[in-house]
Amino acid sequence: MKPPAFDYEAPRSLAEALALKARHGEEARFLAGGQSLVPAMNFRLVRPAVLIDLNGIAELGDLACTAAGRLQIGALVRHARVEGDAQVAQHQPLLAEAIREVAHPQVRNRGTVCGNLAHADPASELPAVMVALRAQMRAVSVRGERSIAAADFFQGTYSTALESDELLAQVLLEPMPAGTGTAFLELARRPGDYAMMGVAVVVRVDASGACTDARVVCCGAGDRPLASAASAAVLLGARPGSDPAALEALSEAAGAALATSIDPPGTVHASADYQRHLAQVLAARAIATACARAATHLPSRSH
Amino acid sequence: MAERQYPIRLTVNGTEREAQVEARLLLSDFIRHRLGLTGTHVGCEHGVCGACTILHDGVPARACLLFAVQTHGHSIETVESLGTPEHLHPLQEAFRACHGLQCGYCTPGILMTMKAFLEQHPDPDEAAIRKALSGNLCRCTGYQNIVAAVARAAAVAREGA
Ligand SMILES: Cc1cc2nc3c(=O)[nH]c(=O)nc-3n(C[C@H](O)[C@H](O)[C@H](O)COP(=O)(O)OP(=O)(O)OC[C@H]3O[C@@H](n4cnc5c(N)ncnc54)[C@H](O)[C@@H]3O)c2cc1C
Ligand code: FES
Ligand code: FES
């Protein structure tokens with residue numbers, strides 16, 4: 001349980017960090033919170049020759065939210081910072097709701113959102129949230145920068161669209177339009193453990209109450225966040241409305257559609273059948289909650 | 001070939017310390033083996049058990065998931081900074097009074113976690129205490145007396161304030 005030897009670099013600027021990564025490529029890893037990387041090194045599952053510690057680079061630390069609710073999360077923004085931010089709670093409630101489920105307080109004090117996303121654990125809550133919110137990932141390298149849609153970013157277990165010289169510098173979330181409701185639900189064996197199944201839901205209704213946009217995304221159901229088109233199709237065009245019985249029927253139909261559209265792997269703690277059952281139940285509940293929340297933020301009717 | 005050594009300077013329990021460390025030396029091993037501060041315990045070395053929790057610049061963190069070399073220029077507090085056998089810290093006093101420990105393996109990590117928690121939440125309810133304890137495993141107590149001890153420490157601190 002001791003990590004293998006490596007060379008340690010502590011750059012003070014982003015340019016220096018990128019130059020180091022370009023020079024060392026796959027041999028090097030960035031060290032952000034270390035809450036996924038160091039356990040993997042202690043188990044000797046990974047053996048980087050060089051660690052490039054990002055923690056001394058002040059320019060990577062910013063969390064910025066505009067008055068309209070556009071959120072930028074820099075590479076060194078820790079889970080705890082996001083969790084405690086009033087503007088995030090107000091403008092990006094799905095992220096605020098999900099991040100509380102990520103690990104334990106001490107781990108959230110060190111772990112970063114960008115590190116979590118770059119790590120791309122398929123059981124993690126945050127990749128599913130970013131897919132549901134259509135986040136943009138800003139990747140930078142000595143060659144320049146580019147923006148990657150969350151749906152294209154996650155490519156498999158611990159695998160992302162980042163090239164070996166790229167750093168995930170920022171995650172960008174657009175403000176949620178009026179009429180949007182969100183919900184995140186998961187079941188884990190203990191608070192803070194990785195979920196056996198988790199579901200992130202975003203729905204949007206127009207001024208007439210009709211659903212114009214829906215995303216139902218699972219974590220833990222495959223090798224990456226899984227957005228269910230079948231479940232969204234049940235919701236699109238429907239009128240969730242305020243009749244509890246109708247809303248329940250709609251949510252259950254969408255939850256059932258999700259369950260039939262996934263093929264979960266099963267884990268030591270939850271068989272594939274149980275995971276599918278959880279997905280159905282959690283999705284139905286999250287969809288009902290998201291629809292109810294959307295109804296309280298209805299856009300005003302235009303004339 | 002000898003492994004490369006890195007010079008570090010940090011503050012440990014209020015005292016400045018200097019050392020030469022290899023990059024892969026975990027902070028938990030640095031604290032225990034180099035500084036001889038064996039109050040910080042090591043259970044799992046992958047961030048799950050919480051026994052190694054210390055304060056890093058005042059914030060609870062896993063010492064087994066930090067490299068000593070990363071603490072250059074930072075400040076660390078371990079359980080040794082709390083009280084002495086003659087003058088226990090109020091949290092330690094409450095743990096003794098409520099039987100909040102049996103073997104004591106988990107206790108240092110819990111004390112450091114709860115020290116920071118109570119500073120931010122001086123009047124926590126039971127649910128908040130349990131949530132704040134979620135990152136610390138105890139194999140002995142069943143947690144009931146730990147929760148009671150934390151509630152008592154909070155009450156004593158409020159009365160004294
Ligand atoms: C006990 C425990 C329980 C946990 N439970 C959960 C949980 O329930 N849900 C969950 O989602 N997570 C959980 N985690 C993981 C935690 O969320 C981590 O903080 C997170 O996954 C990684 O973030 P980090 O900043 O610590 O990254 P690091 O560990 O520093 O890095 C992880 C990987 O990403 C790379 N990397 C880091 N930053 C960047 C960047 N900006 N650009 C490119 N590459 C980068 C690193 O090179 C490394 O390969 C848990 C961890 C522990 C120890
Ligand atoms: S030894 Fe660090 S968390 Fe278990
Ligand atoms: S008292 Fe023994 S592990 Fe907690």
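Lettering follows sequence order; numbering is per chain, from 1.
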- Output the option from A/Asn55, A/Asp53, A/Asp193 having the highest count of non-hydrogen pairs under 4.5 Å with chain B. A/Asp53
- Is the number of heavy atoms from other residues, nucleotides or ligands within 6.0 Å of CZ (A/Arg189) greater than 12? no
- Region of A/Asp7 that comes under 4.5 Å of a non-hydrogen atom in chain B: both
- Query: Checking heavy atoms, do the side chain of A/Leu31, its backbone, both or neither come under 4.5 Å from chain B?
  - Reply: side chain
- Message: Salt bridge check, A/Glu9 against B/Arg4: does any charged N sit closer than 4.0 Å to a carboxylate O?
- Response: no
- Note on the structure: If you tally heavy-atom pairs under 4.5 Å between each of A/Gly56, A/Ala103, A/Pro39 and chain B, the highest tally belongs to A/Pro39
- Are the side chain of A/Arg108 and the backbone N or O of A/Val102 linked by a donor-acceptor pair below 3.5 Å? yes
- Side chain, backbone, both or neither: which part of A/Ala5 has a non-hydrogen atom closer than 4.5 Å to chain B? both
- Is it the side chain or the backbone of B/Leu65 that comes within 4.5 Å of chain A heavy atoms, both, or neither? both
- Message: Please determine whether side-chain contact (heavy atoms from CB on, under 4.5 Å) holds for the pair B/Leu55 and B/Ile76, giving the CA-CA distance in whole Å, both sets of side-chain angles, and the decisive distance to 0.1 Å.
- Response: CA-CA 6 Å; B/Leu55 301 185; B/Ile76 297 298; over 6 Å; no
- Examine whether an atom of B/Leu137 lies under 4.5 Å from a heavy atom of chain A, and if so say whether it belongs to the side chain, the backbone or both; otherwise answer neither. side chain
- Item | B/Phe117 versus chain A, the contacting section by heavy-atom distance below 4.5 Å | neither
- Taking A/Ser271 for its side chain and A/Tyr274 for its backbone only, find out whether a donor-acceptor pair lies under 3.5 Å. yes
- Task: Name the orientation class of the two ring planes belonging to A/Tyr158 and A/His119 (parallel below 30°, tilted from 30 to 60°, perpendicular beyond 60°).
- Result: tilted
- Message: What part of B/Glu22 gets within 4.5 angstrom of chain A, counting heavy atoms only: side chain, backbone, both, or neither?
- Response: neither
- Message: Would you say that more than 12 heavy atoms from the other residues, nucleotides or ligands in this model lie under 6.0 Å from the CD of B/Gln20, or not?
- Response: yes
- Report the option among A/Gln35, A/Arg190, A/Gln106, A/Lys2 that has the most heavy-atom pairs separated by less than 4.5 Å from atoms of chain B. A/Gln106
- Relative to chain A, which segment of B/Ala61 carries a heavy atom at a distance below 4.5 Å: side chain, backbone, both, or neither? both
- Checking B/His72 side chain against B/Arg9 main chain: does a donor-acceptor pair fall under 3.5 Å? yes
- Task: Report the option among B/Leu25, B/Leu133, B/Thr53, B/Val42 that has the most heavy-atom pairs separated by less than 4.5 Å from atoms of chain A.
- Result: B/Thr53
